[in-house]
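Scroll down for the structure; my scribbles are underneath it.
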Amino acid sequence: MELDNYKKIWENQSEEKNKISALEIYKMTQSKSSSIVKWIFIIGLLEFAFWFALNYLGTYNGALEPYEKLNLIRFIDNINYFHYVVVVLFLILFYRNFSSISTIDNTKTLMRKILLVRKTVKWYVYYNLINVMVFSIVLNVLIFNTPNGITIISGIDNESLNQEYMMSIFIISQIVVIAIMILILWFFYYILYGILLKKLNKNYKELTKLNEIS
């Protein structure tokens with residue numbers, strides 16, 4: 001039952017019954033919030049496993065062979081290790097948020113925790129989007145500055161096309177690819193985490209009303 005309906009009922013209730021109803025609403029909101037944060041943690045784990053598996057398959061199916069020829073594998077590996085560490089730290093924060101919300105028995109504290117969860121998820125999304133963009137740009141700069149880098153990555157012989165024309169095509173194509181990747185990731189995060197954060201925000205508003213009433 002929504003808070004507006006409860007408020008109408010409370011007008012004719014005693015103070016003791018009002019406290020009982022407020023406690024029921026709080027418990028319901030706490031339970032929903034805990035479930036949402038749990039799903040944020042689960043989705044984060046599944047996402048981590050997906051990208052790890054994708055990177056593992058890319059290593060063994062020859063997809064990274066051109067980068068081996070350019071001696072960029074160590075750079076890619078170091079970036080991946082750094083990324084894994086950061087993501088694991090975020091997952092730890094997600095789990096700690098879930099653990100703390102499930103045991104909170106104070107409305108104001110729960111409201112603060114919900115705000116913290118929303119902020120943590122937003123920073124997680126921002127980090128991933130910025131990481132993809134910066135990594136892609138730096139990787140392309142290294143390719144441009146490596147002799148025959150564009151030729152090796154594109155698989156097109158230098159002699160078949162003008163070097164300047166080839167570089168222009170490669171730059172444009174990379175800009176388009178990076179933009180599409182960022183857009184896909186943003187849409188992915190909007191669907192997965194955006195919906196959960198909207199539900200969490202709704203719970204926060206309900207707690208705000210409950211706090212004002214009580």
Side-chain angles (χ1 to χ4, degrees), residues 39-97 117-197:
W39 274 108
I40 289 174
F41 173 64
I42 292 173
I43 291 173
L45 281 177
L46 293 175
E47 182 190 352
F48 176 81
F50 171 78
W51 291 116
F52 183 84
L54 196 65
N55 182 63
Y56 180 83
L57 291 175
T59 302
Y60 288 95
N61 67 3
L64 298 180
E65 185 177 344
Y67 299 100
E68 290 181 359
K69 295 179 180 178
L70 297 175
N71 296 319
L72 293 177
I73 289 298
R74 178 172 294 182
F75 166 75
I76 295 175
D77 286 342
N78 289 336
I79 293 297
N80 283 332
Y81 296 148
F82 172 80
H83 175 67
Y84 293 149
V85 170
V86 174
V87 171
V88 167
L89 291 176
F90 271 111
L91 290 176
I92 292 173
L93 289 176
F94 289 165
Y95 180 77
R96 290 183 62 183
N97 289 335
V117 170
R118 291 173 57 197
K119 185 181 295 185
T120 304
V121 173
K122 287 181 179 179
W123 278 110
Y124 174 72
V125 172
Y126 294 152
Y127 161 74
N128 279 285
L129 294 177
I130 293 173
N131 177 66
V132 169
M133 182 173 64
V134 172
F135 170 73
S136 300
I137 291 174
V138 173
L139 183 61
N140 278 283
V141 170
L142 293 175
I143 292 173
F144 294 149
N145 292 327
T146 302
N148 299 321
I150 298 177
T151 302
I152 294 173
I153 295 296
S154 64
I156 302 176
D157 189 4
N158 262 341
E159 298 179 357
S160 60
L161 290 174
N162 179 273
Q163 186 68 23
E164 293 183 0
Y165 175 76
M166 185 176 174
M167 180 173 291
S168 299
I169 294 296
F170 187 78
I171 292 174
I172 293 173
S173 64
Q174 289 301 302
I175 291 174
V176 172
V177 168
I178 293 172
I180 292 175
M181 287 175 59
I182 296 295
L183 185 62
I184 291 175
L185 277 177
W186 177 85
F187 184 74
F188 170 79
Y189 288 128
Y190 177 80
I191 294 296
L192 286 181
Y193 295 106
I195 294 175
L196 293 175
L197 288 183

**Request:** Begin from the C-alpha positions of F94 and L45 and carry the test side chain to side chain contact (heavy atoms under 4.5 Å, CB included) through to its verdict.
**Result:** CA-CA 10 Å; F94 289 165; L45 281 177; over 6 Å; no
**Request:** Verify side chain to side chain contact (heavy atoms under 4.5 Å, CB included) between W51 and Y84, making sure each step is shown before the conclusion.
**Result:** CA-CA 10 Å; W51 291 116; Y84 293 149; 5.7 Å; no
**Message:** side chain to side chain contact (heavy atoms under 4.5 Å, CB included) for F135 and F75? Distances and angles first, verdict last.
**Reply:** CA-CA 10 Å; F135 170 73; F75 166 75; 3.8 Å; yes
**Request:** For N80 and F52, run side chain to side chain contact (heavy atoms under 4.5 Å, CB included): C-alpha distance rounded to whole Å, both residues' side-chain angles, the deciding distance at 0.1 Å, then the answer.
**Result:** CA-CA 9 Å; N80 283 332; F52 183 84; over 6 Å; no
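Summarising the geometry, atom CD1 belonging to I42 is positioned 12.0 Å from atom CG belonging to L91; distances are rounded to the nearest 0.5 Å. For the atom pair CG of L72 and CZ of R74, the computed distance is 12.0 Å after rounding to the nearest 0.5 Å. Between W123 atom CH2 and T120 atom OG1 the span is 11.0 Å, to the nearest 0.5 Å. Note that CD1 of I178 is 8.5 Å distant from CG of L139, once rounded to the nearest 0.5 Å. With rounding to the nearest 0.5 angstrom, the OH atom of Y124 is 4.0 Å from the OH atom of Y193. Distance CD1/I73 to CD/E68: 4.5 Å, rounded to 0.5 Å.
Proximity of F41 to N97: side-chain heavy atoms (C-beta onward) are nowhere separated by under 4.5 Å. Using a 4.5 Å heavy-atom cutoff, the side chains of Y81 and N78 are in contact. Contact check for V121 versus F90: no side-chain heavy atoms found under the 4.5 Å cut-off. With a 4.5 Å cut-off on side-chain heavy atoms, F50 and L46 do not count as touching. In this structure, L196 and L192 have side chains that are not in contact, with every pair of non-hydrogen atoms separated by 4.5 Å or more.
Listed for the N140 side chain is a donor-acceptor partner under 3.5 Å among the backbone atoms of S136.
Of all heavy-atom pairs spanning L197 and K122, the tightest one is CD1-CG, 4.4 Å.
Ring-centre distance between Y127 and H83: below the 6.0 Å cut-off.
More than 12 heavy-atom neighbours from other residues, nucleotides or ligands sit within 6.0 angstrom of CZ on F188.
L129 pairs with exactly one of V134, L183, L185 by the side chain to side chain contact (heavy atoms under 4.5 Å, CB included) rule, that one being L185.
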